[in-house]
Each structure stands twice: as C-alpha cells, then as structure tokens.
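In what follows, chains carry the letters A, B, and so on, assigned in the order in which the sequence lines appear, proteins first and then strands, with residues in each chain numbered from 1.
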Amino acid sequence: MAKLILIDGSSYLYRAFHALPPLSNARGEPTGALFGVVNMLRATLKAKPEYLAFVSDAPGPTFRDTLYAQYKAHRPPMPDDLRAQVEPMLAIVGALGFPILRVPGVEADDVIGTLAVQAQALGIEVLVSTSDKDMAQLVSPHVTLVNTMSNTMMDRDGVMAKFGVRPEQIVDFLTLTGDTVDNVPGVSKCGPKTAAKWLAEYGTLDGVIANADKVGGKIGECLREALPLLPLSRQLVTIKTDVPLEFGPTDLAQRDPDTAQLRELYARYEFKAALKDLDAAEQATGIVEQPTGEAGAVEPAVLSGPVAVIDAALSAPGDYELVTTLTQFDAWLERLRDAELIAFDTETTSIDAMRADIVGISFAVQAGKACYIPLGHDYPGAPKQLDRHHVLAALKPVFEDPTRPKLGQHAKYDINILSNYGIAVQGLKHDSMLESYVWNATATRHDMDSLAKKYLGYETIKYEQVAGKGAKQISFSQVDLDTACRYAAEDADITLRLHHALWPKLDSVPALRKVYEEIEIPLVPVLAAMEQRGVLIDGDVLRRQSQQLGKRMLELQQQAHAVATHEFNLDSPKQLQTVLFDELGLQAKLKTPTGQPSTNEEALEAIADTHELPRLILDYRSLAKLRSTYTDKLSSIVNPRTGRVHTSYHQGSVATGRVSSSDPNLQNIPVRTEEGRRIRQAFIAPPGWQVLAADYSQIELRIMAHLSGDEGLLRAFHAGGDVHRATAAEVFGVPPEEVTTNQRRAAKAINFGLMYGMSAFGLARQLSVDRGEASDYMGRYFSRYPGVRAFMEATREQAHRNGYVETIFGRRLYLENLTSRNQGLRQGAERAAVNAPMQGSAADIIKRAMIAVAAWLKDRDDAHMLMQVHDELVFEVRADAVDEVRAAVVERMSGAAELAVPLVVDVGVGANWDEAH
DNA sequence: AGCGGAGCCTA
DNA sequence: GTAGGCTCCGCTG
C-alpha cells in the first residue's frame, strides 16, 4: 500500500527550538531547532514513502483570525533565534527533495487534514508527523500520527489511551478543554478528565450541551456560562478537511535531492552526522548530484521556499480535451493561430521515426490546457475520429510557418514523424529536453518523465501504464481514446510547463542562452534531415564480407577446440577463463574489476608467447566483433523503403556536448585495421555521386593551444606541419628532421595523454617505459610548454571552485565526484575536468559548422550531409558539384570558430567512405 | 524478457 | 587516462 507522510513543519520547528539546547555554529548562527528538524527529516526519508510533503504555515491571516479576533492573540512573537532558522530550514527541506506546501488563508493543519482525507480515499496510508495533540482528530484506520522526536506513534487505540475518547470525539474534547496557548475559550475548570467523562456519558458535544442542566456543582455553572462560545470554539479547533487545493496527494513525490546544496548547508550548520550520511550514500552509488542552480557560493535564503514550493500553475492537474469533432478541431486551430508558443507532441506506432505511423497529435497553448487529436486508433470498437488527411492538411500551414514559434520535448522525433507526412516543420523555438541539457547536462536524464519529476515535482503517466510492456506491449493505436488523451495531452502540457520552469533559468545566464539558441536549437532540423536522408549501404559487399569472416572464424574455432582438446564457447569469457587458467594452467596476468582473471585483449596479448590459444582467441575475437557488430548488423538494418541506413543522433546524452549515434552507431565504424576499414567500403554514394569526408585536423589539441595560450604550442600550429614531430623536437631537443619514430610516438602519446588528464603513471603504461622515464618526458614537456601546465591547473581549480568547467562558447560542463572522499573517484573527476573543455569546445565547433553548412546546402539538390563522427562530416555529392561543395564545406568548417590557431580541415573524395579518407 | 559484466569499436 | 554505443554471456525473474 502506498504511503504518504505529511510533516507538520511549524510544530516541529517550535518543539525542536524549545526541546534542544541553544546550539550555534562557528559563525554564531543559531542551529538548535534546525538540527532537530533535519534529524526528523532524515528519519522520515528512511521510511521511503511514495509521497511526502513538508507543510508549513503561509504568512498572513487565516480564516480563524477572521472568525475570532482573539485567536492566538496572546501568542508571543517568534524569538529572533528561531526566526533566523526558518529560511535555512526551508532551504534544507527543499534540497532534500520535499515538496513544500504553504497555502495562504489556512493553517498547515488544514492542509494536512485535507490531504489526509484525500489520500485515504485513494487507498493511501497516511502518516502525519507532528507533535501537536490537536491532530489526534485526524486519526482513523488509515491515518496515524507519528512523533519523530519522542519516537511515538498514535493510532486509534493510542488516542483512546491518551485522551480517553475516540478520535472522532477529539474535536468536542478540545472544544470543552479549550486552549490557553491559542486563546481558544473552553469550559473553565474543565480539563481532560472532565471532558472525557462528559463525552463518555453524553457521546458528543451536542449531547453535553443538551444535558448542560444536569451537570451539578461549580463546574456545571462554568459549563452553562461557556455555552454561547462553544460553537465558535468548535469551529476554531476543527481542522478543515475540505480546503480547495491545486494539488493532490499523488502530486507529492519526492524530487531528486540536490546533494551539492545539501552538502553546503550541512557543512555551514555543522551537521556532521548528516554530512557523513551524504558521503556514505555517495560512496555507495558513486554519484553526486550536481547543483541545478547557479553553482558557487549559495546563500540559503535565496534558494529557500519558492524553489521547492509547489507552484499551483505548474503542478496542478491539467484540463485535457479529446478532439473528435470538426467544431472542436476548428476551435483548437484558432487557439494555435493565436498562441504565443505552440507545444506539440505526436503519438505513433514506433519509437523508430523512420518506420512509425502517426496515431495522434497533442497540443498545449497554456499550462494545464491541452488537447489530443486521435487520428489512427484502430482497435475494435474505436470511436470515429477525425480524418487524418484533413487534420494534417489543416495543420500543415501552422507547422510550416516559421513565424509561429513551436516547442517540443525531443522535437527532432516529432519533426521526423511529420516529415513522413509531407510536413516540414519550421519555427522550432524551444525544446524542453535541450533546455535541460544546456542548463545542466548531467543533473538528470532529459526524458520527459525525469524532467517532470525533477523540475516540477510531477509524476507523469508512464507509457508502460497505458500500453503495457515487454512482449505484451500494445501499439499506441490500440490504446483507448480516453486513456490516450490523458497520456498524450499530458505530454504536450508537461512540455509547456517544463519550458516555463526551465527557460527562466537559461535566460538568466547569457552564455547558456546563446549555446541553446544559437547551437542546440538550430542543430535540431539539421540532425533531423541527416537522419531522414540516411546513408546508402552496399548490402552485397557486406554479405560477402560476412561470409568470408564466418569462414575464417570457423577455422579459428576448430583450431581452438583442438588445442583445448574439447569444444567450448569462444564467445564466453567465463568458459575461456576455465580453459586457459584452470585446464591449460596458464598464468593470469590481469584481473577484471570483479577480481576474475581477465581474458581481455591486453591480458591475452601478455601470454600470447606462452601458448598458441591466446593468439587464436584474439584473432577470432577481432573477426567476431567485425561480423556481429558491423557486417551482419548493418545489412540487416537497411530500411526497405529507402534502401538506406538511418541512424539516430542523440543531442542530450553526452556530458561534454557531443552528439552520439545509435541504431546503428555510425560513430564507431572500424578504421584502424585493414579488415575493419573494408567495412567502410560498403558506405557508398548513388551512381553519379561521390562520398566526401571532411575532418578537422587535431582539433582538440588546437583548442588546448587556444585555451592555454601557450606560446610554444601556438607556434607549432602556426608553423603548420606535423605537430607531434614539432613536440618531439622540443621535448627531446633535436631538430625536427632528426626526430626518430619512437620520439614522435612518445610526443604523440604525451599530447593525447595530456588532453585526457593523464598522469606519468598512465604515460609509462602507454609507452611501455618505466615511470621515471615517463615522468622525465612530462617534466621536459611542461618546461617547454609551461602555459599548458598552467592551463590544466587553472581548469582543475575552476572545476573545484564552480563544480563545472566551460567550453569556449560558455557551455557549462558539470563534474561529478569532485568532492568525493574516494580518491579514485575524485581523481577521475579531475581528469574529466581537464578533458571536458577541449572535447566540449570541439563539439560546439563542429555543431556550429554543421549549422552553417546546412544553411548553405539548404536550397541545393546536389549534396547532402549524411554523418557526423565527432570531428568529421560525411557528405554525398553529385560528381559535378564536388569541387564547389568541397570549398564551401572547408570554408564553413574552418570558420566555425575564431581561435588563436588556424582550424585546418582535411577533405577526401571517393566512391565510398573508405576511399574518401 | 531484462539486466549487469566483460569486452571492444570510435573520436 | 576523456567521451560514447553495441554485442555477447549468464544470471535473474
């Protein structure tokens, strides 16, 4: 059964303030009450409730003040030492991921009462965490009070034991006893015992009132005296359970905690146990949450309250309309024409845009107001839907009008879908996935469900909930219309709400806004076009290669079995381990991270001279990899409709700003070995066309020269020629023409290693020299290129100071684990920090180049951009246009950034991708 | 059927 | 030693 924990914030703050000694931190700030509350919150989280909230009083009068001017009139003002702890408390509560609820006009109790009743109706178990006895009136079979500070729980029996009355009698009980602290008038001389006695006798307050005459003695007079005020008192002590709220119990999921901010707050207020918990969690997961706000010095006051308060406009349930009539559709068409920003989403039959059919479209034009237009639900008994052709034809002018701004979540997919129906979407202005990605690429995944949870505290309907999962999953076209509407309209609605939550963040940092507006958003249609175009594959070439590879693999396999004297699965590292190290008794040189003797390439290479089996395995593996991943796979993935391979480019999955490619991954096609390179021969151009490949020469090293400003490195690049040779000449103190092959190899290893944040130890390993020698090389390198060392130091320092490093264009690259107590994790983070500005800037540059080249290609039909492989762009070009395209591509790639060194681009042209290199 | 580990391809 | 994606096995449901 799902559980909801409601925390009575004010009650805890007061109770902790009075119960704990007046602690303070090194700055002299009071921390006692905070400490108590933080411990209570941490204990609460350990219960892992599905839903939770921290409820506190909103500023301003409530309905009780209106009802009775004397209400709480004698309450002393909040002590300064307590007041000072309110803002930090809210900051910590927010950073822990609690939804904070503050509703004006009512007290926290009323919000808690209302949510408790609502949750109960939904079959949710409720725990009310409070130290306020008045709350006992809420207790029921599924509502229990918890007092974390005294570590007690109070259910129905507990209420009876403590008060001597049933929970439903608590209101009457409190009315009779009154409350001197809150200035609620009761019956004087009537304490808990008398109240319980009367209620036991007459059942209810009304019963007591009706029988007021029968009560004798002095106390009877007091009762009769109090009679006129009792109805008012009852109103005052009754906790409301019908407050109109913009959110419900199920909106109250915990958000992702902001560990970085927590660490800072805990450190500031010196909560050592809480800090230790954070460290333990970090060690366990190896993950540290990145701050989502401006990193650097964080003043708790700035980040408190509103950051985590559920914003009614962004978190309320939406109003979704299922559009099945022309009247409805025309009304929405009108809304779209008037909209400042159109949020749209498509529903289809497949996640592969190239094979998907459209099933429906949803729109949102304001938060909470969305529609779903079903177009292709075809289950038995499906209601009649609008004509797809008519709807798309009517929407086409809207989608294709660049002056009507549009918003999507991963809009590239929807653009591809609509393109299948002849609609060329123009005017994509925003994409919530990219907003989140540019804001902080690593704080969260950027799918809508994760974003809604993190930035809105909203739990979306999951696709699995409407369509099932695994083998039983049905197509969206089989989902009933009402369910489909809830799901699909929510997608458009949440996209819009996410935009409202994320855009102000981006807009507040000019460099990030520029990266988003000038790089990521314009890149969307460019990538979409590349995916749709696809690349032509020669299936016959691949099939022939598969056969040849298979034949040679079989031979190797038979030889291996003969050597091992029995059959075994060459693809199984585990079986191989047994054969090599147990049966044949070979000496294992390396271990896997899990402690098993390793059978990876390096380990087999190391024992290849002691037995013939390792070499057979190595040969077999390289062939198996080629066949399973490339020759078999690629020919099977050719789209039958287009005869081409259509990859997907991912704009939101690489921490440094690169794009990645999958289904298939065209960014890891072999190139280093002769056999591998043959696979590239299958990437061809149509008859009369050529493949043109253009790649940046040493782009990351050039960026290092630019960023570091190191004179030696700048000179080397300005001189042109072989930079590794130039480096070797400097490091080894010989003229460039006398540099030996080994010297150049060492220099190249240093150049690359430095960009990966390498240590002398790593270089020694790479070059197979001892550590002293490697460290000697690095010493000489840094003495020749002192600017490089300074740059690396500065980068590490910036990473520690800000939690992120930046690219040339100001993209922020957050680092995880920089403050880890685990040395390995921390050093890993520092290496990543050193590499990130170079890898990230290179990514920015090629993205800018792609946008520029695509703009130039826009109205041409003699060349298409097909692939991006990090520092390389691949095109198909009609033979008569090759020279012109080559010049234009080089010009735009070289001109994609103004660096302190030239950006050199090498171009090759050929009948296939291999020849074009 | 889904998942983690091992291994290996790219820049 | 940076950044990814894909395939296989072998385990768990």
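- Nucleic acid contact class of A/Glu601 (heavy atoms, under 4.0 Å, all strands): sugar-phosphate only.
- Across the protein-nucleic acid pair, A/Gln651 atom CD and C/dG4 atom C1' stand 16 Å apart, rounded to whole Å.
- Less than 4.0 Å separates DNA chain C from no heavy atom of any residue of residues 769-786 of chain A.
- Identified under the ring pair (Phe, Tyr, Trp, His ring centres under 6.0 Å) test for residues 754-781 of chain A, with sequence neighbours left out: A/Phe732-A/Tyr777, A/Tyr781-A/Tyr785.
- Using a 4.0 Å heavy-atom distance criterion, A/Arg831 is classed as a sugar-phosphate-only contact.
- Expressed to the nearest 0.5 Å, how far CG of A/Leu434 lies from CG of A/Leu523 amounts to 8.5 Å.
- Among residues at least two apart or in separate chains, salt bridge (charged side-chain N to carboxylate O under 4.0 Å, His left out) pairs with a member in residues 597-611 of chain A are A/Glu602-A/Arg765, A/Glu605-A/Arg615.
- As judged by a 4.0 angstrom heavy-atom cut-off over every strand, A/Ala655 is placed among residues touching the sugar-phosphate backbone only.
- We find that CD of A/Gln839 is positioned 16 Å from P of B/dT10, with the value rounded to whole Å.
- Listed nucleotides B/dG7, C/dA3, C/dG5 differ in distance to A/Ser653; the shortest reach to its side chain belongs to C/dG5.
- Put simply, CG on A/Leu701 and CE on A/Met838 are 8.5 Å apart, with the number rounded to the nearest 0.5 Å.
- Judged by distance alone, the side chain of A/Arg680 and the main-chain N or O of A/Ile669 form a donor-acceptor pair under 3.5 Å.
- Within residues 748-758 of chain A, the residues that place at least one heavy atom under 4.0 Å from DNA chain C are, in residue-number order, A/Tyr756, A/Met758.
- For the pair A/Asn835 CG and C/dG4 P, the computed distance is 10 Å after rounding to whole Å.
- If you take CG of A/Asn668 and P of C/dT2, they are 19 Å apart, rounded to a whole angstrom.
- B/dC9 atom P lies 14 Å from atom CZ of A/Arg677, rounded to whole Å.
- By the 6.0 Å contact criterion, CZ on A/Arg533 is open, its count of non-hydrogen atoms from other residues, nucleotides or ligands being 12 or less.
- Judged by distance alone, the side chain of A/Ser622 and the main-chain N or O of A/Asp619 form a donor-acceptor pair under 3.5 Å.
- Distance from the side chain of A/Ser660 is smallest to C/dG4 among C/dG10, B/dG7, C/dG4.
- Contact between the side-chain N/O atoms of A/Asn569 and the OP1/OP2 oxygens of C/dC9 is found at a separation under 4.0 Å.
- Using a 4.0 Å heavy-atom criterion, one finds that A/Lys469 contacts no nucleic acid atom at all.
- Separation of atoms CG (A/Leu634) and CZ (A/Phe683) is listed at 5.0 Å; rounding is to 0.5 Å.
- Taken to the nearest 0.5 Å, the OG1 atom of A/Thr444 stands 14.5 Å off from the CH2 atom of A/Trp439.
- The side chain of A/Asp571 sits closest to C/dC9 out of C/dT7, C/dC9, C/dC6.
- The CG atom of A/Leu576 sits 11 Å away from the P atom of C/dG10 (whole-angstrom rounding).
- Scanning residues 606-629 of chain A for heavy-atom distances under 4.0 Å to DNA chain B yields A/Arg621, A/Lys625.
- Using a 4.0 Å heavy-atom criterion, one finds that A/Ile669 contacts the sugar-phosphate atoms exclusively.
- Between the CZ atom in A/Phe782 and the CZ atom in A/Arg789 there is a gap of 5.5 Å [rounded to 0.5 Å].
- Here B/dA6 presents its P atom at 15 Å from CG of A/Leu604, a figure rounded to the nearest Å.
- Across all strands, A/Val834 comes closer than 4.0 Å to no nucleic acid atom at all (heavy-atom distances).
- Put simply, the side chain of A/Arg848 gets close to the backbone of A/Ala896: a donor and an acceptor are under 3.5 Å apart.
- A perpendicular orientation is assigned to the rings of A/Tyr437 and A/His446, their planes being inclined by more than 60° (bins at 30° and 60°).
- Nearest to the side chain of A/Val654, among C/dA3, B/dA11, C/dC6, sits C/dA3.
- The interatomic distance linking A/Arg658 (CZ) with C/dG5 (C1') rounds to 13 Å, in whole Å.
- Residues that satisfy the side chain to side chain contact (heavy atoms under 4.5 Å, CB included) test with A/Val905, not counting sequence neighbours, are A/Ala694, A/Tyr696, A/Val890, A/Met893, A/Ser894, A/Val907.
- Among C/dG10, C/dT2, C/dG4, the nucleotide with an atom closest to any side-chain atom of A/Gln575 is C/dG10.
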